[in-house]
*Asks:* 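Input: one structure, supplied below.
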Amino acid sequence: MNINTAGTAATILKDEIVYKRYITVWQRTTRFEDGREIQWDVVGHDSPLPTFVTVFTFDTNTKTTCILKEYVQGSNEKYTCTAGSFDRRKHQSLEEAAQHELSEEAQLTGGHMINLCPSSQPEGISELKWGKNRFVPYICINPTLDTNPKPRDAEEYMEVVRDVSIDDFTQMVMRGEVMLPSVQTGWMAIEWLKENKYI
């Protein structure tokens, strides 16, 4: 059996779009080593990978982060880190996408942006078992308030929650209140902060 994390456990024979609006649904046909051919539903955005970026902020003076309480259509409400699409029509780079989203959503600017994505995941980290989307996590050290933030998208509805301690963020995760890409980003960011002696 060839189960691994390199994306080669099955051969993808065909991807056929069966629904497309904001989210796309593909019917994917795969073949395993034993000859079985299986059809799956795979969802995501019909765009190149990585699909989106996430940003965990950290203020070295207060030892806190800034998160969002956001309307999330599937669960109706959740806490998240800053996150948004990597749109090649608007963004020259992943880091620029992260900076723009930080301004739009958290109304923060500047700081030192650090890409946390491991080199073993060049297209980003998988969002879901049955999803195509992949994301690149960042940590931003010491961003400041943006006095002229970029406008939010028309559908976005969120509250900025500032000065959240690492312990409080961890408890939100433990209570199941944080979206999974933000959990992954937060965990990687906290480990980076520990390794670099910020906390």
*Asks:* Going by atom types only, do Asp59 and Thr64 share a side-chain donor-acceptor pair under 3.5 Å?
*Replies:* no

*Asks:* Within a reach of under 6.0 Å around CH2 of Trp192, are more than 12 heavy atoms found that belong to other residues, nucleotides or ligands?
*Replies:* yes

*Asks:* Under a single-linkage definition using a 4.5 Å side-chain heavy-atom cutoff for Ile, Leu, Val, Met, Phe, Trp and Tyr, are Val164 and Ile190 assigned to the same hydrophobic cluster?
*Replies:*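 Yes: a chain of side-chain contacts under 4.5 Å links Val164 to Ile190.
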
*Asks:* Can you see which heavy atom on Cys117 is nearest to which on Gly124, and at what distance?
*Replies:* SG-CA, 3.9 Å

*Asks:* Between Ser75 and Met179, what is the shortest heavy-atom contact and its length?
*Replies:*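 Answer, listing the atom of Ser75 first, then Met179: OG-SD, 4.5 Å.
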
*Asks:* Quick check for you: to the nearest 0.5 Å, what is the distance between Ile199 atom CD1 and Glu191 atom CD?
*Replies:* 8.0 Å

*Asks:* Would you confirm whether Ser103, through its side chain, and Thr109, through its main-chain N or O, come within 3.5 Å as a donor-acceptor pair?
*Replies:* no

*Asks:* Whether the side chain of Glu156 engages the backbone of Asp153 through a donor-acceptor N/O pair (distance < 3.5 Å, no angle test) should be reported.
*Replies:*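 Yes, the answer is positive, given that a donor and an acceptor are paired below the 3.5 Å cut-off.
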
*Asks:* So Phe52 and Phe135, would you call those rings parallel, tilted or perpendicular, with 30° and 60° as cut-offs?
*Replies:*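 Phe52 vs Phe135 ring planes: parallel.
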
*Asks:* Using 30° and 60° as the class boundaries, would you call the ring planes of His100 and His91 parallel, tilted or perpendicular?
*Replies:*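 Plane angle over 60°, so perpendicular.
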
*Asks:* For Arg88 and Pro48, work out which heavy atoms get closest and say how close.
*Replies:*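 In this case the closest contact between Arg88 and Pro48 is NH1-O, 3.4 Å.
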
*Asks:* At their closest point, which heavy atom of Pro118 faces which heavy atom of Ile125, and how far apart are they?
*Replies:* CD-CD1, 4.3 Å

*Asks:* Same hydrophobic cluster for Trp187 and Met174, using side-chain heavy-atom links shorter than 4.5 Å among ILVMFWY?
*Replies:* no

*Asks:* Quick one: are Ser85 and Thr51 in side-chain contact, heavy atoms under 4.5 Å?
*Replies:* no

*Asks:* Return the CZ to NZ distance between Arg31 and Lys14, rounded to the nearest 0.5 Å.
*Replies:* 12.0 Å

*Asks:* Treating Arg28 as the side-chain partner and Asp41 as the backbone partner, does any N or O pair qualify as donor plus acceptor under 3.5 Å?
*Replies:* no

*Asks:* Please lay out, stage by stage, how Met172 and Ile67 fare under the test side-chain contact (heavy atoms from CB on, under 4.5 Å).
*Replies:* CA-CA 11 Å; Met172 290 175 180; Ile67 62 174; 3.4 Å; yes

*Asks:* Thr60 versus Ile141: any side-chain heavy-atom pair under 4.5 Å?
*Replies:* yes

*Asks:* Please report the interatomic distance CE(Met113) to OG(Ser93), rounded to the nearest 0.5 Å.
*Replies:*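 Taking CE in Met113 and OG in Ser93, the distance rounds to 9.5 Å.
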
*Asks:* A side-chain contact here means heavy atoms from C-beta on lying under 4.5 Å apart; do Leu68 and Tyr79 qualify?
*Replies:*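 Result no, sub-4.5 Å side-chain heavy-atom pair not found.
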
*Asks:* Is it the case that the side chains of Glu101 and Thr82 hold a donor-acceptor pair, with the cut-off being a distance below 3.5 Å and no angle test?
*Replies:* no

*Asks:* Under 4.5 Å between any side-chain heavy atoms of Cys66 and Val161, yes or no?
*Replies:*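 Answer no - side chains too far apart.
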
*Asks:* Can you confirm whether Val55 sits close enough to Cys81 that some side-chain heavy atom of one is under 4.5 Å from a side-chain heavy atom of the other?
*Replies:*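 No, side chains not in contact.
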
*Asks:* Go through the steps to decide whether Trp26 and Tyr19 satisfy the test side-chain contact (heavy atoms from CB on, under 4.5 Å), and finish with yes or no.
*Replies:* CA-CA 7 Å; Trp26 291 265; Tyr19 174 83; over 6 Å; no

*Asks:* Under 3.5 Å, side chain of Asn133 to main-chain N/O of His45, donor-acceptor pair present?
*Replies:* yes

*Asks:* I'd like to know if the side chain of Arg162 and the backbone of Ala106 have a donor-acceptor N/O pair within less than 3.5 Å.
*Replies:*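 Yes; at least one donor-acceptor contact below 3.5 Å.
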
*Asks:* Before you tell me yes or no, could you show the steps for Trp130 and Val42 under side-chain contact (heavy atoms from CB on, under 4.5 Å), namely the whole-Å CA-CA distance, both residues' side-chain angles and the distance that decides it to 0.1 Å?
*Replies:* CA-CA 5 Å; Trp130 36 266; Val42 176; over 6 Å; no

*Asks:* Which distance, rounded to the nearest 0.5 Å, do you find between the OG1 of Thr30 and the CH2 of Trp40?
*Replies:* 5.5 Å

*Asks:* A side-chain contact here means heavy atoms from C-beta on lying under 4.5 Å apart; do Arg134 and Gln121 qualify?
*Replies:*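 They are in contact (side-chain heavy atoms under 4.5 Å apart), so the answer is yes.
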
*Asks:* Any heavy-atom pair between the side chains of Ile38 and Thr29 that's under 4.5 Å?
*Replies:* no

*Asks:* Taking the side chain from Thr24 and the backbone from Lys20, do they hold a donor-acceptor pair closer than 3.5 Å?
*Replies:*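 No, the answer is negative, given that no donor and acceptor are paired below the 3.5 Å cut-off.
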
*Asks:* Does the separation of the ring centres of Phe56 and Phe169 fall below 6.0 angstrom?
*Replies:*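 So the answer is yes for these two rings.
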
*Asks:* For the CG atom of Asn142 and the CG atom of Leu108, what is their distance to the nearest 0.5 Å?
*Replies:* 11.0 Å

*Asks:* For Ser182 and Val178, indicate whether the former's side chain and the latter's backbone hold a donor-acceptor pair under 3.5 Å.
*Replies:*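 Looks like no, no N/O pair under 3.5 Å.
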
*Asks:* Do other residues, nucleotides or ligands put more than 12 heavy atoms under 6.0 Å from Leu128 CG?
*Replies:* yes

*Asks:* Go through the steps to decide whether Thr65 and Asp168 satisfy the test side-chain contact (heavy atoms from CB on, under 4.5 Å), and finish with yes or no.
*Replies:* CA-CA 10 Å; Thr65 187; Asp168 285 345; over 6 Å; no

*Asks:* Supply the atom-to-atom distance Leu116 CG to Ile139 CD1, rounded to the nearest 0.5 angstrom.
*Replies:*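 Answer for the CG-CD1 pair, Leu116 versus Ile139, is 6.0 Å.
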
*Asks:* Quick one: does Lys63's side chain have a donor or acceptor within less than 3.5 Å of a partner on Tyr198's backbone?
*Replies:* yes

*Asks:* Locate the shortest heavy-atom distance separating Tyr138 from Ala98; write the atom from each residue and the value.
*Replies:*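 For Tyr138 versus Ala98, the nearest heavy atoms are CD1-CB, 4.0 Å.
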
*Asks:* Tell me whether Arg152 contacts the main-chain N or O of Glu104 through its side chain, where contact means a donor paired with an acceptor under 3.5 Å.
*Replies:*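 A pair under 3.5 Å: yes.
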
*Asks:* Donor-acceptor check, side chain of Gln27 to backbone of Ile17, threshold 3.5 angstrom: yes or no?
*Replies:*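 Here the side-chain-to-backbone pair does not exist.
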
*Asks:* Using a 4.5 Å cut-off on heavy atoms from C-beta on, say whether the side chain of Glu105 contacts that of Met158.
*Replies:* yes

*Asks:* Determine the minimum heavy-atom distance between Leu49 and Lys132, stating which atoms define it.
*Replies:*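 That closest heavy-atom pairing would be CD2-O, 3.6 Å.
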
